[in-house]
Amino acid sequence: MSTPNAVREITFGQAVNEAIAEEMRRDPRVFMIGEDIAEAGTTFKVLKGLVEEFGKERIIDSPIAEAGITGIGVGAAMTGMRPIVDIMFGDFITLAMDQLVNQAAKIHYMSGGKWSVPMVVRTTLGATRRSAAQHSQSLHAWLCHIPGLKVIAPSTPYDAKGLLKSAIRDNSPVVTFEDKMMFQLKGPVPEGEYTIPLGVADIKRVGKDITLVGTSSMVHVALEAAKILAEIGIEAEVVDPRTLKPLDTETLINSAKKTSRAIVIDEGHLSYGVTAEIASIIADGAFYYLDAPVKRLGAMDVPIPFSPALEDLTVPTPAQVVEMAKTLCGRV
Amino acid sequence: MSTPNAVREITFGQAVNEAIAEEMRRDPRVFMIGEDIAEAGTTFKVLKGLVEEFGKERIIDSPIAEAGITGIGVGAAMTGMRPIVDIMFGDFITLAMDQLVNQAAKIHYMSGGKWSVPMVVRTTLGATRRSAAQHSQSLHAWLCHIPGLKVIAPSTPYDAKGLLKSAIRDNSPVVTFEDKMMFQLKGPVPEGEYTIPLGVADIKRVGKDITLVGTSSMVHVALEAAKILAEIGIEAEVVDPRTLKPLDTETLINSAKKTSRAIVIDEGHLSYGVTAEIASIIADGAFYYLDAPVKRLGAMDVPIPFSPALEDLTVPTPAQVVEMAKTLCGRV
Amino acid sequence: MSKEYDVEQLLHFYQQMFRIRAFEEKTNELYQRAIMPGLAHLYIGEEAVAVGVCEALRKDDYITSTHRGHGHCLAKGASFDRMFAELLGKHPGYCHGKGGSMHIADPDSGNLGANAIVGGSAGIATGAALSMKMQGLDRVVVCFFGEGALNEGLVYESMNMAQLWKLPVIYCCENNLYNEYTPYQETTAGTFLGRPAAFGMNAVEVDGQDVLAVYEAAGQVIERARKGEGPSFLLCNTYRFYGHHVGDIDRSYYRSKEEELYWMTERDPLKLLANWMLDRKLTDSNVFTQIENEIRAEVEAAVQFAINAPYPPKEEVDQHVYA
Amino acid sequence: MSKEYDVEQLLHFYQQMFRIRAFEEKTNELYQRAIMPGLAHLYIGEEAVAVGVCEALRKDDYITSTHRGHGHCLAKGASFDRMFAELLGKHPGYCHGKGGSMHIADPDSGNLGANAIVGGSAGIATGAALSMKMQGLDRVVVCFFGEGALNEGLVYESMNMAQLWKLPVIYCCENNLYNEYTPYQETTAGTFLGRPAAFGMNAVEVDGQDVLAVYEAAGQVIERARKGEGPSFLLCNTYRFYGHHVGDIDRSYYRSKEEELYWMTERDPLKLLANWMLDRKLTDSNVFTQIENEIRAEVEAAVQFAINAPYPPKEEVDQHVYA
Ligand SMILES: Cc1ncc(C[n+]2csc(CCOP(=O)(O)OP(=O)(O)O)c2C)c(N)n1
Ligand SMILES: Cc1ncc(C[n+]2csc(CCOP(=O)(O)OP(=O)(O)O)c2C)c(N)n1
Ligand SMILES: [Mg+2]
Ligand SMILES: [Mg+2]
């Protein structure tokens with residue numbers, strides 16, 4: 001990791017934009033392909049300005065063809081380029097799973113290490129945007145399940161920039177999930193060049209009474225909960241894995257050993273989701289230290305409803321975390 | 001569940017064939033669509049004979065178009081038919097994930113219950129057939145993660161027939177994963193009509209010292225291990241969830257409460273797989289009863305290699321289960 | 001415009017198109033007043049397509065729709081109040097508020113559902129058509145989609161099977177010139193009609209601003225399908241007057257004001273029909289005003305209904321996950 | 001057969017085709033003797049396609065291949081010993097035994113990899129072509145696939161982009177009449193050449209049993225691509241003499257013995273070339289026998305090498321998961 005210098009406040013979206021711009025400047029092999037990414041700068045406007053600097057040859061507006069552009073990314077990556085494939089909504093990776101899972105993830109292994117696929121797939125997760133069931137999913141657990149893929153899920157502008165730069169430099173396919181509700185989130189980001197290594201968790205708040213593991217925007221739910229818990233004397237430690245695959249199991253287990261209690265919070269569906277993996281790793285690794293079962297909070301096991309009255313019920317909230325933490329700490 | 005009468009030994013493949021034939025006889029709305037399913041009876045020959053009885057109109061040989069035929073299944077199911085979509089290898093569901101996950105799974109919910117999708121998707125899981133990385137995956141965890149889909153993974157001819165018949169009668173989309181290495185496995189199946197309700201686990205062996213949860217063919221790995229363990233005085237209980245979504249958590253937790261120890265065995269990749277969900281449910285639900293951490297065995301986190309010398313290293317074996325069980329029971 | 005129409009039918013077409021226009025204008029207003037959650041993709045400018053096609057369908061025929069689906073749903077028979085209720089996420093909405101703007105579905109009017117996955121309904125429509133054929137029913141299915149969907153592979157897989165099995169399905173391509181913010185020329189090689197030709201599928205191209213032309217072309221391909229003669233591709237050339245969605249206000253980077261103005265003034269399907277009737281003195285302009293006033297009043301009442309309607313109760317959240 | 005060829009070149013073509021024939025016959029034997037794990041899809045009967053195309057390519061050009069890939073790999077320059085080693089899952093195999101029959105890949109000969117997903121390499125080939133264009137390299141990519149792959153959507157998505165951006169890629173469709181056990185007529189509407197036509201793509205149809213015809217047609221479309229004039233579709237009509245895979249012995253339910261016999265006797269690409277040369281007295285039959293004997297000896301040695309080669313060490317199992 002290089003040393004950062006002067007620090008500014010920028011948004012998560014700007015951090016992503018900067019990471020891509022910097023990497024495109026330093027490495028002519030890096031290019032982007034995706035739907036409406038050039039003049040429009042994507043539907044979320046996060047990539048605004050890139051086409052002006054790098055031109056339509058390196059910021060390629062593609063047809064609406066998620067499988068096709070992912071496949072194109074794979075072929076380009078194998079033959080000397082370093083593509084970033086933009087999949088507008090995480091829900092649309094459903095259309096590209098063969099190319100991601102049967103091709104990108106396996107080519108290095110199947111070829112006995114002869115070919116590699118240095119590609120980044122950039123997509124989203126997260127609900128509560130009133131976008132309904134086909135535009136609100138958090139499907140990152142699927143990709144974490146696949147050997148050969150790396151998966152990152154940054155929670156802050158700082159992490160977003162540093163992790164994405166590492167992802168672009170990585171020689172394996174990396175999928176980055178950005179919570180679409182965080183693009184406007186501001187945070188400190190140093191002016192200069194820095195990277196964050198993949199596979200290293202970050203303790204976002206130190207505590208001794210309970211470990212709250214949060215991923216992506218759920219880190220903020222955990223931090224919010226920690227603040228409330230502090231008021232009643234429960235000091236929560238908030239751990240952000242940052243990289244979901246490979247997972248920094250050591251940091252997770254050590255935190256739980258220290259606090260003896262843990263809650264895992266992720267915005268994917270609860271069942272068979274990311275929380276299951278992390279919870280079972282902690283429950284196993286910290287077994288003899290735990291004073292209470294490891295608990296999990298994920299999106300409710302329902303397709304995401306459109307109605308705000310219902311949608312807000314489906315995602316984990318600080319209040320739920322607080323309630324659960326109090327129970328685990330014997331405060332109710 | 002109806003009462004079975006005379007019992008014969010038939011193969012797993014025959015059981016599947018019988019289930020489909022019986023349901024097609026009793027309900028003219030049931031039909032099949034898939035690649036090479038008619039005269040060829042699929043590449044595994046499991047459907048042999050169906051086209052002769054039901055004709056090419058109801059056993060439809062399709063183009064090689066997994067997304068297309070799944071979509072066709074959805075549309076047909078919404079408008080009065082009860083399709084069974086055959087996806088030759090589980091690896092190919094990667095091509096149909098949008099139709100399965102964004103469409104089939106969500107239509108009932110998104111329409112406020114107005115439309116439903118009574119469709120079965122029949123596919124495979126399982127390695128060790130020397131078929132390499134794109135024909136050996138066990139991707140069932142993905143579908144278990146998606147609300148709106150049900151997932152079954154039968155382990156015996158008896159279960160295969162009874163569960164599949166229930167799946168065909170179910171009004172929600174059900175995905176059935178058959179281990180391609182089990183098609184020749186024989187087992188008792190009653191002559192007459194019977195069904196097995198979805199969502200009910202089955203205790204395949206009663207024991208008191210440790211719970212072995214096995215799915216699909218891993219049930220037989222567990223049973224094999226149980227036999228070996230019995231020789232050294234460890235009585236393992238083998239629990240087969242049979243339906244992975246919805247999961248019969250009560251049976252799983254109760255078994256672990258009774259035995260105080262559990263190992264979960266599934267042929268999907270270990271990380272972020274089925275074992276994580278089941279292990280974390282047991283670790284939570286039986287927390288105060290457990291004498292040891294819940295352990296997991298899954299396929300190694302590598303693409304499945306072709307070479308027999310390597311492939312066999314990647315899937316759980318009875319020996320591994322025995323080793324792990326002995327450790328958990330303090331026998332080493 | 002070759003057929004003979006009686007004035008009533010022509011006015012009915014106008015009315016149907018104006019219903020969409022008025023609904024969408026109100027939807028835009030609901031967005032701007034922050035009453036509607038999320039976004040919506042307005043159909044204004046494209047009304048002649050949905051109306052021309054759906055008027056040629058029977059009530060028991062099916063449609064599938066898209067993210068830009070309000071027009072299709074209304075043209076196929078949806079009512080304002082339950083549409084608005086759905087857009088506001090309210091309980092009396094077509095989907096109990098669970099679907100929203102992009103997922104209006106209604107068995108009563110044969111609406112298999114709007115779909116927020118571009119191209120995502122091609123398989124569903126084709127499957128419904130297979131189902132009709134298997135059941136020996138003579139219902140037809142229309143699959144609406146934008147020209148952008150022609151870049152998704154599923155559409156090709158579906159068309160191949162429809163043609164192979166001579167299924168009663170119409171692929172209705174609404175070419176409004178843009179995939180979101182990208183002109184179709186930047187994303188589409190060859191010609192639109194080359195696509196159905198690849199499969200030997202019957203294809204017709206029509207001026208999508210001319211409701212009578214659409215109606216006639218649709219009538220032909222629908223009757224063909226109904227008689228078991230197989231699927232067709234119906235290419236309707238049209239234009240969306242507003243942004244890709246309600247929030248797409250600054251459009252200058254992807255299309256010119258002149259272009260928009262041209263379509264709005266010269267190629268407005270409502271004006272075109274009205275002028276055609278007025279030129280022929282089939283009616284006078286008061287009649288249109290009266291129709292418009294009536295519909296606007298209906299819209300107003302429907303919006304009030306929706307605004308006053310309750311949200312779904314919390315218990316709804318985990319209902320309808322399984323059937 | 002219009003071009004002028006010298007005898008050496010013609011014999012080289014024969015040799016290249018016979019290399020495939022002999023390799024595949026041995027592969028079949030390895031299966032029957034239960035020496036080879038798993039299955040293999042033999043290329044026998046289709047040799048003129050791979051050889052005709054690959055002889056028109058440069059060494060630094062790329063190919064992607066399929067489940068029926070041995071012919072492509074050999075034609076592009078793979079050697080017998082490492083091929084057999086791969087088929088037996090041995091460590092010196094092209095992929096350390098980790099890929100097997102369906103996944104032979106080799107950067108040295110420009111082989112981007114065989115692919116066991118039908119149609120799965122269309123995007124990869126197109127991406128490699130984009131990459132060449134972006135890097136200003138004049139290398140060409142050939143994407144081999146069977147006619148069955150034309151029913152997979154990805155192929156259409158890819159062809160659209162290739163044509164749109166004028167990429168140096170050739171989609172080489174090997175029409176061997178069957179998708180596994182199903183005649184293509186049961187799965188394919190319209191014509192094969194309609195597919196590239198949909199995108200306005202240059203297309204050529206050729207007798208896939210005539211190696212010179214394939215070579216010439218391939219040469220033209222490859223030069224076109226190399227000059228930046230864009231992609232082409234090369235339809236090669238051919239036939240597989242054996243089963244879909246080595247275990248597909250009883251084929252009577254999907255194709256007749258007569259049909260097989262016809263192709264084997266009348267349409268064998270090796271016989272066709274040999275007879276053509278003999279008719280013109282360009283060589284005598286001893287020369288072919290000598291070529292065949294030499295190749296068979298090489299095959300024998302290579303198989304022995306593979307049989308004697310070690311399996312990959314256990315530590316290989318979790319190597320190469322990440323680069
Ligand atoms: C599979 C998929 N990819 C991308 C999107 C995002 N998206 C929504 S609408 C749209 C453009 C659609 O263009 P077109 O099909 O022409 O329909 P129009 O909006 O012009 O009516 C895109 C790319 C999506 N909803 N689904
Ligand atoms: C996506 C996918 N679907 C199905 C299969 C199973 N399968 C293997 S080969 C084959 C037939 C391919 O036919 P074609 O493309 O004509 O190639 P050929 O075998 O005739 O060379 C099928 C269906 C597969 N490997 N991948
Ligand atoms: Mg459009
Ligand atoms: Mg073929």
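Every heavy atom of this structure was used, including side-chain atoms; hydrogens, water molecules and symmetry mates were not. Residue numbers begin at 1 in each chain, while the letters A, B, ... track the order of the sequences.
Counting heavy-atom pairs closer than 4.5 Å to chain A, the top-ranked of the candidates D:Pro107, D:Gly99, D:Gly123, D:Ala128 is D:Pro107. For the options D:Ile104, D:Val155, D:Ile117, heavy-atom pairs under 4.5 Å to chain A are most numerous at D:Ile117. Heavy-atom pairs under 4.5 Å with chain D were tallied for A:Pro173, A:Gly68, A:Pro118, A:Gly148; the largest tally goes to A:Gly148. Taking A:Ile33, A:Thr70, A:Ile60, A:Asp170 one by one and counting their heavy-atom pairs under 4.5 Å with chain D, the maximum is reached by A:Ile60. Top candidate by heavy-atom pairs under 4.5 Å with chain D, chosen from A:Pro63, A:Pro83, A:Pro28, is A:Pro63. Highest contact tally toward chain A, considering only D:Met134, D:Lys133, D:Glu316, is held by D:Met134 [criterion: heavy-atom pairs under 4.5 Å].
Once rounded to the nearest 0.5 Å, the distance linking CD1 of D:Ile124 with OG1 of D:Thr64 reads 7.5 Å. Between the CE atom of D:Met36 and the CG atom of D:Leu87 there is a distance of 6.0 Å, given to the nearest 0.5 Å. Note that the CH2 atom of A:Trp142 and the OG1 atom of A:Thr94 stand 6.0 Å from one another [nearest 0.5 Å].
The aromatic rings of D:Tyr171 and D:Phe145 lie tilted to each other, with the angle between the two planes from 30° to 60°.
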Passes salt bridge (charged side-chain N to carboxylate O under 4.0 Å, His left out), D:Glu223 versus D:Arg226? Steps please.
CA-CA 5 Å; D:Glu223 280 327 299; D:Arg226 206 183 297 292; 3.6 Å; yes
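The contact between D:Asn115 and chain A is made entirely by side chain atoms (from C-beta outward), counting heavy-atom distances below 4.5 Å. Contact annotation for D:Leu164: only side-chain heavy atoms (C-beta onward) come within less than 4.5 Å of a heavy atom of chain A. At a 4.5 Å heavy-atom cutoff, D:Val169 makes no contact with chain A through either its backbone or its side chain. For a residue to count as touching a neighbouring chain, one of its non-hydrogen atoms must lie under 4.5 Å from one of that chain's; by this rule D:Glu86 does not touch chain A. Only the side chain of A:Ile107 has a heavy atom closer than 4.5 Å to any heavy atom of chain D. Proximity to chain A is limited to the side chain of D:Tyr62, based on heavy atoms less than 4.5 angstrom apart. Contact of D:Leu112 with chain A is made through backbone and side chain together, with heavy-atom distances under 4.5 Å. For a residue to count as touching a neighbouring chain, one of its non-hydrogen atoms must lie under 4.5 Å from one of that chain's; by this rule A:Gln103 touches chain D with the side chain only. When heavy atoms are compared at a cutoff of 4.5 Å, A:Lys150 approaches chain D by way of both its backbone and its side chain.
For the pair A:Lys114 and D:Tyr94, the cation-pi criterion (under 6.0 Å, within 45° of the ring axis) is not fulfilled.
Taking the centre of each ring, A:His135 and A:Phe89 come in below the 6.0 Å mark. Aromatic ring centroids of D:His72 and D:Tyr43 lie under 6.0 Å apart.
The closest side-chain donor-acceptor pair between A:Asn171 and A:His108, if any, does not fall under 3.5 angstrom.
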